[in-house]
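The analysis underlying the following values was restricted to heavy atoms, covering all of them including side chains, and did not include hydrogens, waters or symmetry mates. The structure presented is a predicted model; accordingly, all values stated were derived computationally and were not measured.
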Protein chains: 2
Amino acid sequence: MFSGPRTVFYISDGTGITAQTLGHSLLSQFEGVEFQTISVTFVDDRTKAKQCLQQIRDKTKPGEHRPIVLSTLVEGEIADIVGEADALHVDLFRGFLTPLEAELGLKSTHYVGRSHAVVDTPDYHRRMEAVNYTLNHDDGLTNRNLDQSEVILVGVSRSGKTPTSVYLAMHYGLFSANYPLIPEDFERGALPGGLEQHREKLVGLSIEPQRLHQIRSERRRDSVYASLENCQHEVESSQRLMRRYGIEWLDSTTKSVEELSAAIVQQRGLKTTMF
Amino acid sequence: MFSGPRTVFYISDGTGITAQTLGHSLLSQFEGVEFQTISVTFVDDRTKAKQCLQQIRDKTKPGEHRPIVLSTLVEGEIADIVGEADALHVDLFRGFLTPLEAELGLKSTHYVGRSHAVVDTPDYHRRMEAVNYTLNHDDGLTNRNLDQSEVILVGVSRSGKTPTSVYLAMHYGLFSANYPLIPEDFERGALPGGLEQHREKLVGLSIEPQRLHQIRSERRRDSVYASLENCQHEVESSQRLMRRYGIEWLDSTTKSVEELSAAIVQQRGLKTTMF
């Protein structure tokens, strides 16, 4: 048997985002296999296609597995050149475009780079505005323009509010704010000022104390802040506070920002831009 | 001929991110067709599969086009239930998993939700740390820990630095900082303090003055800041400054954050986490 990691090429005529996202999702179905991935992006003319072909051939050594090539090349001619390589070719476009063309009774534009020519669309504009809004409303920075927000995350420090807010903005175009719940809030037994009037937008994040302890210790080892005891106390207090206000929460211990964001959008029935 | 928008279902046993990303990329190849997209996420048991089937059937009306179903359902049984709907089915997993299984000589885990069970991986951890780093180093907020950064974006206000930094962090796990180039810098003819020693990490963003004028006017109409004349002056001055320091720049006028980020990663040969 051959050994060593399997080489995977993501080849695209654009940014490679689609190839990488789908490819990662596919490859993660095979546990125990080690993959070495190489992205080749903006392969959008014959010259670059030939360079790419050579790059694949340089990586193909006798006695080793042939590479796996995952491609999103819209232009047939370019796909053909890359297709000459001795590899397992998985063509993410051709496998799908043909049935879609038949269904829609239309030829696809087959236009190089088209799939990301989105800068002038209202959706793109909205996503960028949402990212700017979210950075200005991270971690309770300001109460200004909070009525513009579509979702407001609350939770203890380091429970995942910031990356989730950013993801909601970048991918769903949602104006997202987030507020930390801190010991002062627990003592008062009340939400940070100004949030009560936006209760219908509030979404809680919680986390297991042990995991929180671990995360906080990376930054401030041996501090009271990071101690397991304090983490337990803060998590319990935050859940008590959220319960009091009828705020539902999600658990970031085992859910990624992608999963948390999708769950929030679905549970709240939020209207989003499609990216 | 039937008329009206085509209904597209994105159906997934997880967050639906993969289905949506690939689906959008595929559908954007068909210009002039209007699509109405519906996401059904977390379809991970038989009951939810049957609800989903009913949802598709409710949307299928006599005299109208049948829906298009783009799915990433790993479990065969669930895919089969959804597959009973009268629709064009594009199964994003089965079309690819079979050849990959043959190539790798392995059965895929076919594990529901596996493709996003990433929270415990070092890559995920790094991406979250990168997002936190980037928010703390947005818009020249601080020079602290700048030696930890992997890329530092510079450009005039509203040239796209913030969303690009955030994207680089979220998707590539890169510790990204960004600094505005402001009139004071142009007068001094020098970069903001502290950046010179990190010259090899600097990447410029530029933008066409007309577009900058448009973007700035949305926030501060009729201000000097947003005037076309001032935008022209700032863009020219920033390019002069970048040229002086040998900083290459990219143009955000027509490039999306996805494209800018991919180009930066490729041009700089940056080592990234795969998402």
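- Within the 4.5 angstrom heavy-atom criterion, atoms from both the backbone and the side chain of A:V257 approach chain B.
- Rounded to the nearest 0.5 angstrom, B:L88 CG and B:H65 NE2 are separated by 12.5 Å.
- Separation of atoms CD1 (A:I68) and NE2 (A:H89) is listed at 11.5 Å; rounding is to 0.5 Å.
- Contacts of A:E103 with chain B are made by both backbone and side-chain atoms, with heavy-atom separations under 4.5 Å.
- Expressed to the nearest 0.5 Å, how far CD1 of A:I264 lies from CG of A:L153 amounts to 5.0 Å.
- Side-chain contact, B:Y10 with B:T41: no donor N or O sits under 3.5 Å from an acceptor N or O.
- Your options are A:V166, A:V90, A:L135, A:T72, and the one with the most heavy-atom pairs under 4.5 Å with chain B is A:L135.
- Interface remark: of the candidates A:V131, A:N132, A:D138, A:N132 forms the most heavy-atom pairs closer than 4.5 Å to chain B.
- Of the listed residues A:T134, A:L100, A:I215, the one with more heavy-atom pairs under 4.5 angstrom with chain B than any other is A:L100.
- The greatest number of non-hydrogen atom pairs below 4.5 Å with chain B, out of A:R211, A:M128, A:R6, A:K255, is found for A:R6.
- Heavy atoms of A:S261 lying under 4.5 Å from chain B are absent altogether.
- Distance alone, capped at 3.5 Å, places no donor-acceptor pair between the B:Y172 side chain and the B:K271 backbone.
- In terms of non-hydrogen atom pairs under 4.5 Å with chain A, the most contact-rich of B:D139, B:V40, B:T162 is B:T162.
- Using a 4.5 Å cut-off between heavy atoms, B:T253 touches chain A through its backbone atoms (N, CA, C, O) alone.
- Under the side-chain contact (heavy atoms from CB on, under 4.5 Å) criterion, B:P67 pairs with B:T7, B:F9, B:I56, B:T60, B:A87, not counting sequence neighbours.
- Legend: residues meeting ring pair (Phe, Tyr, Trp, His ring centres under 6.0 Å) with B:Y133, ordered by chain and number and at least two apart, are B:H137, B:F175.
- Residue A:A263 touches chain B through both its backbone and its side chain, counting heavy-atom pairs closer than 4.5 Å.
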